[in-house]
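Order of the sequence lines fixes the chain letters, A, B, ..., with proteins taken first and strands second; residue numbering starts at 1 for each chain.
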2 protein chains.
Amino acid sequence: MASTLHDVAQLAGVSIKTVSNVINDYPHIRAETRAKVEAAIAELSYQPNPSARSLRSGRTGLIGLAVPELSLSSYFAELADRMIAAAEQRGLTVLIEQTGGDRQRELDVLSGARRKMTDGLLFSALGLQQEDAELLRRPYPLVLLGERIFGGPTDHVTMHNVEAARAGTEFLLGLGRRRIAVVGAHEGEVIGSAGLRLRGYREALDAAGEPFREELVGYALPWHRRDGAEVTRRLIASGARFDALFAFNDNLAFGAMRALQEAHIVIPDDVAVLGFDNLDDAAYSIPSLSTIDPGLPEIVETSIELLVDRIAGRLDQERREIMAAFRIVHRESTPAI
Amino acid sequence: MASTLHDVAQLAGVSIKTVSNVINDYPHIRAETRAKVEAAIAELSYQPNPSARSLRSGRTGLIGLAVPELSLSSYFAELADRMIAAAEQRGLTVLIEQTGGDRQRELDVLSGARRKMTDGLLFSALGLQQEDAELLRRPYPLVLLGERIFGGPTDHVTMHNVEAARAGTEFLLGLGRRRIAVVGAHEGEVIGSAGLRLRGYREALDAAGEPFREELVGYALPWHRRDGAEVTRRLIASGARFDALFAFNDNLAFGAMRALQEAHIVIPDDVAVLGFDNLDDAAYSIPSLSTIDPGLPEIVETSIELLVDRIAGRLDQERREIMAAFRIVHRESTPAI
DNA sequence: ATGAAAGCGCTAACAA
DNA sequence: TTGTTAGCGCTTTCAT
């Protein structure tokens, strides 16, 4: 059997309270006492029982991270990877939950059994909509990620989607490209990554006096490589002419580049391609992908900080909405200036 | 405050034992009693306290999954994605731990604090070596994944690395390719994915009467895209001629294809490329990647089954070693037959 | 600076 | 079929 506080106390010749104090770095302990206790802990290879600890303290040291999926969307794998590391630095453990981007499964995550074993939740929603905002009002610390819901009842970490998409489009216009196709729009969406990025795209066109051409808008859901390839094949087949392509995420862009190359369209000479996410892979595609970097490290650090802050008890203070800074990364899929 | 068994029992007018019985699907309960209890549970939105449950039962319902990383190696993201889903079906929750493939961090995972909050561990090692086998003897259920250690004290799920690499090489030979470069070898490694796959490669060459050419062996560690590209650039720069390239995983292959295309080498006409893993992305690269499918679904199902079996108490029965079946997936990076 | 004791919410052994 | 009770290992409150 594993040893307990009692065993350690007995061996060290102190009470269990003292052992507990040592473990929890309680400051007022005689150096001699501490040494005795630490020796006993080492001798017994004592490790605290987390269930007992949680039962008593009400804290588990676990935080949930709800994402649509880990594979296929490398973005979420990178997010999870960094989040696990950032949580670890703060003594927390991340528990990943996959929703498939499905609204019902996202709701299940919000009220499921796992909420009783985590101290808080980082929630990257894809299926919920603006109308669902009030469903985010929960009795536990919750930080919303992404751009499905704005102005909801929780802390929220997101990015400047409209501005970034606008800047990306202006970047392509600045290269002299006038007919910019879009891959990844969502029919009728206003809020959400697709809706906001399309808005930024339109704003840039308007500002440049370029017409918005419906025939250059490719609708895609979900945003996997496959979808980027399919949509782009359809755009090509439609006969619509375009000299640039703005994909609303890098996966779509990778798929789009495949479709372009199948059609013997040369990147970036015939069509310049711009993605969104700056995945690790973007530097290693062929050609390497110019893309918008949404500042993932900042998003990760900020959202963990907000959550930790709420867990520490500041549950009642005003909600915060943080927008990470973006930048455009210039690689081979767009021509050198 | 959240409600407890007591609250439910009081509201339903029964003892807490009866409520506990209902929750745990104990069969001998009068339908009427059960209905009363369920009504009370619903009214109070009662959810059991997992810490209390774990403290008492000694089970947490959590299992650890140790992998090197979630991003950069899509293989592990796919593994984790599937593992989470497979665990969920069995009422288990996966807790992902990243080791960076570092030996010390892998050892930390084996004895760290999280082992007290999981019922078992799925352990995908990369830094440990055959000599470390005995370190896997642990007082908790442990299933080893991968090919760093064989014949150790635990259950083990792996694949036919030598046979698969041999079959892959024979496949390339069968296409008439004679000078097959390798990307991803590890200097001096015998056991481990790199060592075993190189062995399979050599066996195929030997059987075909082809010489093993040291100058066609590209060493790469780790196995990311970047490394595949760098190694392949070096191979090209060395002046060594080759008409096929066998990358020891798909990421390396993606990087290698980039380097080949940079050098205006046409795939598959000039050089046929074969990968290993059959990542989702392999179907969407340009060109799409022929690769060896290691049977991930089988690996996932098998390893969870073994672990669940051990958790269920069969800790003493003989250790098992399972090898998943592989198959070669033929795509555009190798010429049609 | 350290100890004694209560009790977190649940399951399991036993009783009825 | 249901109730009673002990106790899992820890933190916390209150004493000293």
Atom pair distance, as rounded to whole Å: [atom1] in [X] and [atom2] in [N]:
{"X": "N21(B)", "N": "dG3(D)", "atom1": "CG", "atom2": "C1'", "answer": "10 Å"}
{"X": "L55(B)", "N": "dG9(D)", "atom1": "CG", "atom2": "C1'", "answer": "6 Å"}
{"X": "R59(A)", "N": "dC8(C)", "atom1": "CZ", "atom2": "C1'", "answer": "15 Å"}
{"X": "R56(B)", "N": "dT5(D)", "atom1": "CZ", "atom2": "P", "answer": "16 Å"}
{"X": "Q47(B)", "N": "dC10(C)", "atom1": "CD", "atom2": "P", "answer": "11 Å"}
{"X": "K36(A)", "N": "dA1(C)", "atom1": "NZ", "atom2": "P", "answer": "15 Å"}
{"X": "H6(B)", "N": "dG9(C)", "atom1": "NE2", "atom2": "P", "answer": "10 Å"}
{"X": "K17(A)", "N": "dA4(C)", "atom1": "NZ", "atom2": "C1'", "answer": "11 Å"}

Can any side-chain N or O of E106(B) pair as donor or acceptor with the backbone N or O of L128(B) at less than 3.5 Å? yes
Would you confirm whether N49(B), through its side chain, and A52(B), through its main-chain N or O, come within 3.5 Å as a donor-acceptor pair? yes
I want to check one thing: is the phosphate of [N], taken as OP1 and OP2, less than 4.0 Å away from some side-chain N or O of [X]?
{"X": "Y46(A)", "N": "dC10(D)", "value": "yes"}
{"X": "T18(B)", "N": "dT2(D)", "value": "no"}
{"X": "S57(A)", "N": "dT12(D)", "value": "no"}
{"X": "S51(A)", "N": "dG9(D)", "value": "no"}
{"X": "R53(B)", "N": "dG9(C)", "value": "no"}
{"X": "N24(B)", "N": "dT11(C)", "value": "yes"}
{"X": "T4(B)", "N": "dG9(C)", "value": "no"}
{"X": "S20(A)", "N": "dT12(D)", "value": "no"}
{"X": "S54(A)", "N": "dC8(C)", "value": "no"}

Exceeds 12 heavy-atom contacts within 6.0 angstrom, atom CD of E305(A): yes
Might you confirm whether atom CD of E32(A) has over 12 heavy atoms from other residues, nucleotides or ligands at distances under 6.0 Å? no
Using a 4.0 Å heavy-atom cut-off, does I29(A) contact any base of the nucleic acid, only the sugar-phosphate backbone, or nothing at all? sugar-phosphate
Note: for S15(B) and P50(A) on DNA chain D, the residue whose nearest nucleotide lies more 5' is S15(B)
M83(B) and I96(B), any side-chain heavy atoms less than 4.5 Å apart: no
Candidates dT1(D), dA5(C), dT2(C) - which lies nearest the side chain of R30(B): dT1(D)
